[in-house]
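The structure under discussion appears below in the form of structure tokens.
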Protein chains: 2
Amino acid sequence: MQEAIQDILKKNQLSITGSRVKILELFLDQPGALAHGDIERRTGEKFDRVTVYRTLQVFLSKGIIHSIPTADNSVLYALCKDECGEGHHHDNHVHFVCDKCGNTVCLDEVTVPVIRLPRGYKSSQIQVVVNGKCKACSRD
Amino acid sequence: MQEAIQDILKKNQLSITGSRVKILELFLDQPGALAHGDIERRTGEKFDRVTVYRTLQVFLSKGIIHSIPTADNSVLYALCKDECGEGHHHDNHVHFVCDKCGNTVCLDEVTVPVIRLPRGYKSSQIQVVVNGKCKACSRD
DNA sequence: AAACAGATGCAACTTTGTTGCAAAATAAAT
DNA sequence: ATTTATTTTGCAACAAAGTTGCATCTGTTT
């Protein structure tokens, strides 16, 4: 685990620091997406707010994580898969937000559909966010 | 025009006030979506910030406008079509954000596709946001 | 181990959004 | 047309979210 984390950082030419390791751990420890606030809380407020912001920005720019637009316009982040590199992301999967438990997950197995745009429009990226009830919550 | 605006407000049992008329005008005057900031600027800061917030909230709750989640997590609003009523929206169209000019528009003629979710997931709403170059900007 | 580059924490600040309350504007009733 | 009741507005104060500059500290390189 620790090794995997160090690998990720090295591969992206980032120095290995406490905050970066801890925040990456959080992402690896759980399947869903995290909000900035989640991260602050779950690191036990050990790091400065500013540090968390900057760490997330660096991860974003390196393509380690990607951001997810949600219906209520809060910012969520989730780990990218290996194919993502600096600059362009390939997070071409669907995001799912559970209305009941509030969790957001990447449905990696569901790829975003092809969208036919009107004449003249050119698409570079497509974001699909599905709201509803997740596996666990739709049982009740 | 003024009549159309008064109609909309009356139909939704809202009193006709300066800020509501002016903000509706803005939406009717142009095809794209507006951010809160746009609205403040384009009303010439004539109304208090709080008033703009509250007006948008009322319009949202009445189904006069809908909000659009964007990749950079700013909040955008756009007019709903007639079929939208208090409570449930039918804004089941695709939103397009131009990377060049920054404008966001509703592609009313492009409906959101059917998404096949994994077992156990139930969807209640699907948001599709396409980034790229709009008609005007893709010419260059 | 020293020197350098980069990351962190702090303070201060900006922007964005919210709440309570008194004053003003709108709608309804006489 | 004037009064009354109801909404809406603006203000002030606040809370939350995000940014910037700078001095200090940590990680990396030689």
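Chain letters run A, B, ... following the sequence lines, proteins first, then strands; residues in each count from 1. Quick caveat, the model's predicted, so the values are computed rather than measured.
Atom NZ of B:Lys46 is separated from atom C1' of D:dT8 by 15 Å (rounded to the nearest Å). Put simply, CD1 on A:Ile16 is 14 Å from C1' on D:dT29, counting in whole angstrom units. Distance OH (A:Tyr77) to P (D:dA17): 12 Å, rounded to an integer number of Å. Across the protein-nucleic acid pair, B:Lys22 atom NZ and D:dT9 atom C1' stand 18 Å apart, rounded to whole Å. One atom, CZ of B:Arg49, and another, P of D:dT9, lie 16 Å apart when rounded to the nearest Å. Separating the CG atom of B:Asp38 from the C1' atom of C:dT16 is a distance of 14 Å, rounded to the nearest angstrom. Spacing between atom CD of B:Gln13 and atom C1' of C:dA27 amounts to 13 Å, rounded to whole angstrom units. Straight-line distance from the CG atom of A:Asp48 to the P atom of C:dC10: 6 Å, rounded to whole Å.
Between B:His36 and B:Tyr53, the ring center distance clears the sub-6.0 Å criterion.
Residue A:Val58 is classed as having no contact, given no heavy-atom separation below 4.0 Å to the nucleic acid. Here A:Arg20 lies in heavy-atom contact (under 4.0 Å) with sugar-phosphate atoms only. Within 4.0 Å of A:Val52, counting heavy atoms only, lies no atom of the nucleic acid at all. No contact: A:Glu40 has no heavy atom under 4.0 Å from any strand.
Look at A:Gln57 and you won't find any side-chain N or O under 4.0 angstrom from OP1 or OP2 of D:dG18. The phosphate of D:dT9 (OP1 or OP2) has a side-chain N or O of B:Ser19 nearer than 4.0 angstrom. Neither OP1 nor OP2 of D:dT7 sits under 4.0 Å from any side-chain N or O of B:Ser15.
Residue B:His36 places its side chain closer to C:dG17 than to any other of C:dG17, D:dG10, C:dT8. Looking at the side chain of A:Tyr53, the nearest of the listed nucleotides D:dC11, D:dT19, D:dT9 is D:dT19.
Mapping A:Thr17 and B:Val50 onto DNA chain C via the closest heavy atom, the residue that lands nearer the 5' end is A:Thr17.
Within 3.5 Å, no donor on the side chain of A:Arg54 pairs with an acceptor on the base of D:dG18, nor the reverse.
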Using atom types as modelled, flag every donor-acceptor pair under 3.5 Å from a side chain in residues 109-128 of chain B to any protein atom, sequence neighbours excluded.
residue, atom, partner, partner atom, Å
B:Ser124, OG, A:Asp99, OD2, 3.1
B:Ser124, OG, A:Asn131, O, 3.4

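In this structure, a donor-acceptor pair under 3.5 Å is absent between the side chains of B:Arg54 and B:Ser19.
Partner A:Leu79 forms a side chain to side chain contact (heavy atoms under 4.5 Å, CB included) with one of A:Leu34, A:Ile64, A:Leu26 and no other, that one being A:Ile64.
For B:Glu3, the CD atom counts as loosely surrounded, since its 6.0 Å shell holds 12 or fewer non-hydrogen atoms of other residues, nucleotides or ligands.
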